[in-house]
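What follows is a single structure, written as structure tokens, with notes after it.
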Amino acid sequence: MSYSTDSIKNTVIIGHGNTGKTSLLENILFTGGKIAKAETIESGKTVSDYAEEEIEKKISIYSTLSNIEWNNKKLNFIDTPGSGDFTGEVISGFRACQSALVVVGCDAGVQIETIKLWRNLDKRNMSRVIFINRCDKEKADFKAALHDLKTKFQKTFVPIAIPIGVGPAYKGIVNLLEGKAYIKPESGKKEENSAIPSEMAKEIEEYKTLMIEAAAEGDDSVTEKYLENGTLTDAEIILGLTAGLSSNKIIPVLCGTATQNSGIVSLLNFISSVSPTPDARKEFIKKGNEEEREVTVDPSASPSLFVFKTSIDQFSGKLSYIKVVTGVIKTDTELYNTREAKKEKVGKIFTALGKKLEEVKELAAGDIGIAIKLPSAITNDTLRTHDNPEPYRHMRIPNPIYSISVSVENKKDEDKVNQYFHKIAEEDLTFQINYNPETKESIISGMGELHINMILDKLKEKQKIAVQTKLPQVAYRETITKKASSSYRHKKQSGGHGQFGEVHFELSPIERGKHLSFINTIKGGAVSKGYIPGIEKGIADGMQEGVLAWYPVVDIEVNLFDGKEHDVDSSEMSFRLASKGCLKACLEKASPTLLEPIMKLTVYSDDQYIGDILSDLSSRRGKVLGQDSIAAGIQEIKAEVPEAELLKYAIDLKSITSGTGSFEVEFSHYFPISGKIAETVINEAKARRSTTAAAAE
């Protein structure tokens, strides 16, 4: 069946780990008639957690696409992991959908990952609906969870559904918008509506008044109706809520308990009637350095799509998850890949129910689905008509926070391992593989220890290859602290033309980050202009290894103030070698020092762990720049910390905060080190050099 843009609702399900997102989707699919039975996480048979590692670990690792038809609308859902280690999967869901369903535990309230996700939603100005889950749990408290949301996020939260009792007394929910109760069904049954318990009349009246007042704020025309009549009709309430949700003025709140299939019908009715359609959210095009330009999700325009995720399936091959932005994508539609600058034909297209692909003939603007056999397309690619080759805005992917060095014992396995890592990097943009020529290490980076370990475990299981891991070497630098001058003559005679070049340098320290300033102050033509490029190349060669620990040299000014040449024996290569030798001689006289990379660190944590975090940062030679409360009970700490002290921070912070803390890190600058720290770095460099030399013999 084909669906028009105005009958599609795309929702990404997000929340802190263990709030019940997968169980919620499972019961949505059961209620929507897509599956005969809602499975439990423990059974390992849920639709969205189908990968072997997800079944084994009993956590979501990958985002999963599913859909149902409800009230003549197509509801697409993307279930996402709750761990920050797999945030790339969540971001792909953000990119594809118009609104988010934020799942919060009625027993736990707002947790750290929810706050991080909320900030991501704010950056995108994305509509969101709250589902307070687990209302049947022992410590469940609906009013406390609602208060926690209001306190931490300072938004207008509007209950659309409220529970009938909580904890062991939980019996179901009341939908204020519909004026119906939905009693918790028997196991394996679907919800049915019933009369509202009479004892809840006063409570319902209070919440309904709040809902009407919030709806009145959502739309100007509805505001006028409210001021005129003092209340609103059901249709006006829906209009106000729809406008308020789309503009992010209000956050609707529903509730239930997913594992007992309670609150699901109410949630689906709300999404199908109130949640925004795809055309409520704009796409953006950026061409070169020009301002970004808005694009409306329009089914009447020429066809275009965006690839928001790539997955490699052992049976179907490469799966390109696509969001149709404009027009209608049909089987065998020929489009233009804006990155590759070549045509690609969209073969068969599908919607999905977890790992099960459901072939369709077409997808209209705003719909999301899967295309197979797009050989060149990768995540973030735009495919559109050739006469309109501008790409859509790429997803904003966070920087990896945890890196390790990897190697294999058997050199024959290197190609297999590299192919595997590059395939993972194509699927998961938060995973990176790089070769560091300076340290001669292969470095893999991800969002945490769990993220990296899952990838390595899969390599061992699928490829039967175990890799050796260690913390990566830090990319130190060397520089100078005072002026120095020296000369160097390169002279070699071996019959026929010889080699001759002589240079005189003066070295000076310059501003950090400037790397190199070369000045030629030679007078009288002591060295011909034709040899200057060779001298500059020699300086570049010499800067590759310093004189303390063989780290690259940075932030120096080289003044070429004299030199000599020979009519026959001088050449560019002679001056290149002389220049390299002269630089080394100058460095030894210029009081060289080591520089270490300093990282900009942002830590997010509950109040209760702040003291321990600050103490730990101090022990890591960190400099705290500021501390702010970003939500009730949640602190943000900004600091500068040496990279050498952060190599295991992803592991250590989890230990300090009982797994609740998180952080972001990026390079800031280089800073001098001396004393015992510098001595240790130099000794380690000498030991590595000796080991390498011994292995080469």
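These figures come from a predicted structure and were not determined experimentally.
For the atom pair CG (Leu319) and CD1 (Ile312), the distance works out to 7.5 Å, reported to the nearest 0.5 Å. Interatomic distance, Thr479 OG1 to Tyr670 OH, rounded to the nearest 0.5 Å: 12.0 Å. Distance check: Ile55 CD1 to Thr46 OG1 gives 7.5 Å after rounding to the nearest 0.5 Å. Atoms CD1 and OG1, on Ile401 and Thr430 in that order, are 10.0 Å from each other to the nearest 0.5 Å. Between the CD1 atom in Ile613 and the OG1 atom in Thr657 there is a gap of 6.0 Å [rounded to 0.5 Å]. Going from atom OH of Tyr420 over to atom CD of Gln463 covers 7.5 Å, rounded to the nearest 0.5 Å.
Two residues are said to be in side-chain contact when any heavy atoms from C-beta on lie closer than 4.5 Å; Phe142 and Cys255 meet this criterion. A heavy-atom distance below 4.5 Å is not found between the side chains of Glu664 and Asn399. By the 4.5 Å heavy-atom criterion applied to side chains, Tyr476 and Leu548 are not counted as neighbours. Side-chain contact between Phe431 and Ile455 is present, with at least one heavy-atom pair separated by less than 4.5 Å. Counting only heavy atoms from C-beta outward, the side chains of Asp555 and Glu511 never approach each other to under 4.5 Å. Contact of the Arg95 side chain with the Arg393 side chain is registered, since non-hydrogen atoms from C-beta on lie closer than 4.5 Å. Under the 4.5 Å side-chain criterion, counting only non-hydrogen atoms from C-beta, Lys423 is in contact with Glu427. Side-chain contact between Phe153 and Ile115 is present, with at least one heavy-atom pair separated by less than 4.5 Å.
The two residues Tyr551 and Val681 come nearest to each other via the heavy atoms CE1-CG1, 3.9 Å. Closest heavy-atom contact between Ile132 and Val253: CD1-CG1, 3.7 Å. When every heavy atom of Val406 is checked against every heavy atom of Phe421, the shortest pair comes out as CG2-CE1, 3.9 Å. The minimum heavy-atom distance between Ser605 and Tyr609, with the atom names listed, is OG-CB, 3.4 Å. Considering every non-hydrogen atom in both Ile443 and Pro472, the closest pair reads CD1-CB, 3.5 Å. Residues Thr80 and Ser60 approach most closely at O-CB, 4.3 Å, considering heavy atoms.
Remark: the backbone N or O of Asp616 is paired with a side-chain donor or acceptor of Ser619 at under 3.5 angstrom. Asn683 contributes no side-chain N or O that, together with a main-chain N or O of Thr680, makes up a donor-acceptor pair within less than 3.5 Å. Asp85 places a side-chain N or O within 3.5 Å of a backbone atom of Leu450 that can act as its donor or acceptor partner. Side chain of Lys318 to backbone of Leu374: a donor-acceptor contact under 3.5 angstrom is found. When atom types are taken as modelled, the side chain of Lys9 and the backbone of Ser275 share a donor-acceptor pair closer than 3.5 angstrom. No donor-acceptor pair closer than 3.5 Å links the side chain of Glu645 to the backbone N or O of Pro642. Side-chain N or O atoms of Glu636 include none that pairs as donor or acceptor with a backbone N or O of Thr602 at under 3.5 Å. A donor-acceptor distance shorter than 3.5 angstrom exists from the side chain of Thr379 to the backbone of Thr310, with no hydrogens or angles considered. Between the Gln154 side chain and the Thr151 main chain, a donor and an acceptor come within less than 3.5 Å of each other. A donor-acceptor pair under 3.5 Å links the side-chain atoms of Asn133 to the main chain of Thr19, judged by distance alone.
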field: Leu267 and Leu24: CA distance, side-chain angles, deciding distance, side-chain contact (heavy atoms from CB on, under 4.5 Å) verdict
entry: CA-CA 10 Å; Leu267 174 65; Leu24 177 60; 4.1 Å; yes
message: Please determine whether side chain to side chain donor-acceptor pair (under 3.5 Å) holds for the pair Asp79 and Thr22, giving the CA-CA distance in whole Å, both sets of side-chain angles, and the decisive distance to 0.1 Å.
response: CA-CA 7 Å; Asp79 182 31; Thr22 298; 3.1 Å; yes
field: Verdict with supporting geometry, Glu53 and Tyr62, side chain to side chain donor-acceptor pair (under 3.5 Å)
entry: CA-CA 10 Å; Glu53 52 268 40; Tyr62 309 105; 2.4 Å; yes
Test log, rule side-chain contact (heavy atoms from CB on, under 4.5 Å), inputs Glu640 and Leu625: CA-CA 7 Å; Glu640 290 179 348; Leu625 303 178; 3.7 Å; yes
- request: List the steps and the verdict of side-chain contact (heavy atoms from CB on, under 4.5 Å) for Phe306 and Met395.
  value: CA-CA 10 Å; Phe306 180 80; Met395 290 185 286; 4.3 Å; yes
Worked verdict on Ser304 versus Tyr392 for side chain to side chain donor-acceptor pair (under 3.5 Å): CA-CA 10 Å; Ser304 70; Tyr392 293 119; 2.7 Å; yes
message: Glu441 vs Asn436, test: side chain to side chain donor-acceptor pair (under 3.5 Å). Steps then yes/no.
response: CA-CA 5 Å; Glu441 292 179 302; Asn436 187 334; 5.4 Å; no
message: Lys323 vs Asn10, test: side-chain contact (heavy atoms from CB on, under 4.5 Å). Steps then yes/no.
response: CA-CA 10 Å; Lys323 173 186 178 180; Asn10 299 321; 5.8 Å; no
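Judged by distance alone, the side chains of Ser127 and Ser99 never bring a donor and an acceptor atom under 3.5 Å apart.
Within 6.0 Å of atom NE2 in His669, more than 12 heavy atoms from other residues, nucleotides or ligands are found, so the atom counts as buried in its surroundings. Few gaps surround NZ on Lys654; more than 12 heavy atoms of other groups in view lie less than 6.0 Å from it. Counting non-hydrogen atoms of neighbouring residues, nucleotides and ligands closer than 6.0 angstrom, the NZ atom of Lys600 reaches no more than 12 such neighbours.
A salt bridge links Glu438 with Arg477; the closest basic N to acidic carboxylate O contact falls under 4.0 Å. A salt bridge does not link Glu449 with Lys648: every distance from a Lys NZ or Arg NE/NH1/NH2 to an Asp or Glu carboxylate oxygen is 4.0 Å or more. Using a 4.0 Å cut-off between a side-chain N of Lys or Arg and a carboxylate O of Asp or Glu, Lys116 and Glu113 qualify as a salt bridge. Electrostatic pairing of Lys21 and Asp49 does not count as a salt bridge here, judged by no charged N lying under 4.0 Å from a carboxylate O.
Checking each of Lys58, Lys355, Lys462 against Glu52 for a salt bridge (charged side-chain N to carboxylate O under 4.0 Å, His left out) leaves exactly one that passes, namely Lys462. When Asn337, Thr382, Leu383 are each tested for a side chain to side chain contact (heavy atoms under 4.5 Å, CB included) with Pro391, only one passes: Thr382.
Below 30°, between 30° and 60°, or above 60°: for Phe157 and Trp118 the angle between ring planes is between 30° and 60°, a tilted geometry.
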